[in-house]
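Hydrogens, waters and symmetry mates play no part in the numbers below; they use all other heavy atoms, side chains included. Nothing fancy with the numbering, it's 1 onward along the sequence.
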Amino acid sequence: MFAGASLVYLWIKGKKQAQFNAENSPKPNKNKPERPTAPEVMVQCQSCKVHLPQSEAFTCDDRFYCSKAHLHALDSKGWVGDAQWRMSPNQDARPENVIPDLVVIHHISLPPGDFKNQSSSQHIVDFFQNKLDPNAHPYFAEIADQKVSSHFLIARSGDLIQFVSTQNKAWHAGVSSFFGREKCNDFSIGIEMEGDGDSPFEDAQYQVLVNLIQKLAVTYPHLQFAGHSDIAPDRKTDPGMYFDWKKFQKETGILPERLPFGLSPR
């Protein structure tokens with residue numbers, strides 16, 4: 001009997017405790033909607049188009065990549081993932097069935113020799129996009145109407161900027177000839193080094209150039225290399241005496257025969 005009474009007492013006590021808890025627990029606010037759980041934002045890899053959570057993606061500018069390999073590669077449309085993309089209108093299609101097999105190295109600074117100014121690289125971007133303000137500098141008034149571009153620009157800071165897909169023709173070489181082959185724009189990739197012919201280039205620029213060549217070589221394994229002065233000797237002097245061809249060859253591992261004009265400064 002005593003055991004039975006104890007059970008009844010515990011049952012009554014538990015019921016009262018449950019009633020107390022129910023009466024004293026916070027009441028839901030019917031006028032305040034419940035906050036929904038935000039779904040994971042999904043993005044698409046610029047290279048392979050796979051979808052993945054944004055929190056897991058690698059980014060450059062406003063683009064997303066599923067892996068570092070895709071971020072740091074030349075994609076199937078001829079764009080480098082970790083470059084800044086600033087598309088130039090100064091381009092057109094390569095001749096049918098022509099695959100680039102030449103890299104032409106240039107130098108450029110705007111205004112000339114003023115590459116220490118932080119705005120210099122932006123002036124080059126504006127120039128290649130036909131946005132250069134002719135009133136910003138007397139020299140700009142002379143060139144603002146020119147329609148030129150390059151595939152890549154390597155700024156003094158080491159920033160890599162791409163203007164044209166490697167699958168298309170950039171307008172960088174002009175009247176030119178490479179061992180009897182005219183119109184080098186048709187079969188070449190142009191790389192501009194920010195600088196002039198009177199100053200050494202930065203180590204950061206060489207490092208980015210080497211990385212870029214390695215990426216290009218995956219898609220274009222038969223590339224040869226020349227300076228603008230090699231293919232247009234009567235008109236051009238770039239990249240100039242201060243471009244270190246020996247350093248370039250050593251750090252890229254390019255075979256000497258791929259540098260038909262040699263390794264001497266010129």
From CD1 (I161) to NE2 (H151), nearest 0.5 Å: 15.5 Å
By ring pair (Phe, Tyr, Trp, His ring centres under 6.0 Å) - contacts of F163 (at least two apart): F128
Distance-only polar pair, side chains of D126 and Q122, donor-acceptor under 3.5 Å: yes
Same apolar cluster: I189 and L160, side chain cutoff 4.5 Å: yes
Neighbour count >12 (heavy atoms, 6.0 Å) for atom OH, Y242: no
Atom NZ of K147: over 12 foreign heavy atoms under 6.0 Å: yes
Donor-acceptor pair, side chain of T59 and main chain of R63, under 3.5 angstrom: no
Residue list, salt bridge (charged side-chain N to carboxylate O under 4.0 Å, His left out) with K215, at least two apart or on another chain: D82
Side chain N168, main chain Q91, donor-acceptor under 3.5 Å: no
Aromatic ring pairing F201/F243, orientation class (parallel under 30°, perpendicular over 60°, tilted between): perpendicular
Salt bridge present between D186 and R94 (N-O < 4.0 angstrom): no
CA sep, side-chain torsions, deciding dist, call: I254, I213, side chain to side chain contact (heavy atoms under 4.5 Å, CB included): CA-CA 9 Å; I254 297 167; I213 296 305; 4.2 Å; yes
Approximate separation, where rounding is to 0.5 Å, of F187 CZ and L102 CG: 6.0 Å
Value rounded to 0.5 Å, distance of CG in L132 from CG in L110: 6.5 Å
Which atom of F127 lies closest to which atom of I143, heavy atoms considered: CE1-O, 3.3 Å
Any donor-acceptor pair under 3.5 Å from T237 side chain to G240 backbone: no
Test side-chain contact (heavy atoms from CB on, under 4.5 Å) applied to K246 - qualifying residues, sequence neighbours left out: D244, L263
Side-chain donor or acceptor of Q205 paired with backbone N/O of E202 under 3.5 Å: yes
Inter-residue atom distance K247.NZ - Y206.OH, 0.5 Å rounding: 7.0 Å
From CA spacing to verdict: side chain to side chain contact (heavy atoms under 4.5 Å, CB included), L223, L216: CA-CA 9 Å; L223 290 171; L216 295 176; 4.0 Å; yes
Heavy-atom check, side chain of C66 versus side chain of F58, under 4.5 Å: no
Under the ring pair (Phe, Tyr, Trp, His ring centres under 6.0 Å) test, residues paired with Y65 that sit two or more places apart: none
Step-by-step side chain to side chain contact (heavy atoms under 4.5 Å, CB included) determination, L153 to I108: CA-CA 9 Å; L153 167 68; I108 186 172; 4.2 Å; yes
Residue pairs involving residues 254-266 (criterion side-chain hydrogen bond (donor to acceptor under 3.5 Å, both in side chains); sequence neighbours excluded): D230-R266
Side chain S176, main chain C184, donor-acceptor under 3.5 Å: yes
Residue pairs, two or more places apart or on separate chains, that pass salt bridge (charged side-chain N to carboxylate O under 4.0 Å, His left out) and touch residues 99-113: D101-R181
Separation of L259 CG from W245 CH2 (nearest 0.5 Å): 6.5 Å
Within-4.5 Å side-chain heavy-atom neighbours: Y220 and V103: no
Residues forming a ring pair (Phe, Tyr, Trp, His ring centres under 6.0 Å) with F64, sequence neighbours excluded: none
Same apolar cluster (I L V M F W Y, side chains within < 4.5 Å links), F248/M241: no
Pairwise side-chain hydrogen bond (donor to acceptor under 3.5 Å, both in side chains) hits with a residue in residues 127-145, at least two apart: N90-N130
Show me the donor-acceptor pairs, under 3.5 Å and distance only, between side chains in residues 190-197 and residues at least two apart or in other chains.
residue : atom : partner : partner atom : Å
E194    : OE1  : R156    : N            : 2.9
E194    : OE2  : S120    : OG           : 2.8
E194    : OE2  : S121    : N            : 3.3
D196    : OD1  : D198    : N            : 3.0
D196    : OD1  : S199    : N            : 3.1
D196    : OD1  : S199    : OG           : 3.3

Sub-4.5 Å side-chain heavy-atom contact between V210 and Q214: yes
Student check: side-chain heavy atoms of T166 and F152 closer than 4.5 Å: yes
List the atom pairs, with distances to 0.1 Å, where a side-chain N or O of residues 38-57 and a protein N or O form a donor-acceptor pair under 3.5 Å, not counting sequence neighbours.
residue : atom : partner : partner atom : Å
Q44     : NE2  : K49     : O            : 3.0
K49     : NZ   : Q46     : O            : 3.1

Ring pair (Phe, Tyr, Trp, His ring centres under 6.0 Å) pairs, two or more places apart, involving residues 71-114: W79-W85, H106-H172, H106-H228
Heavy-atom pair of closest approach, residues A232 and V175: CB-O, 3.7 Å
From OG (S88) to CD (Q162), nearest 0.5 Å: 11.5 Å
Side-chain touch V80/L212, heavy atoms, less than 4.5 angstrom: yes
Side-chain donor or acceptor of S177 paired with backbone N/O of I231 under 3.5 Å: no
Heavy-atom closest contact (S188 atom, V104 atom, distance): CB-CG2, 4.0 Å
Test ring pair (Phe, Tyr, Trp, His ring centres under 6.0 Å) applied to F261 - qualifying residues, sequence neighbours left out: F179
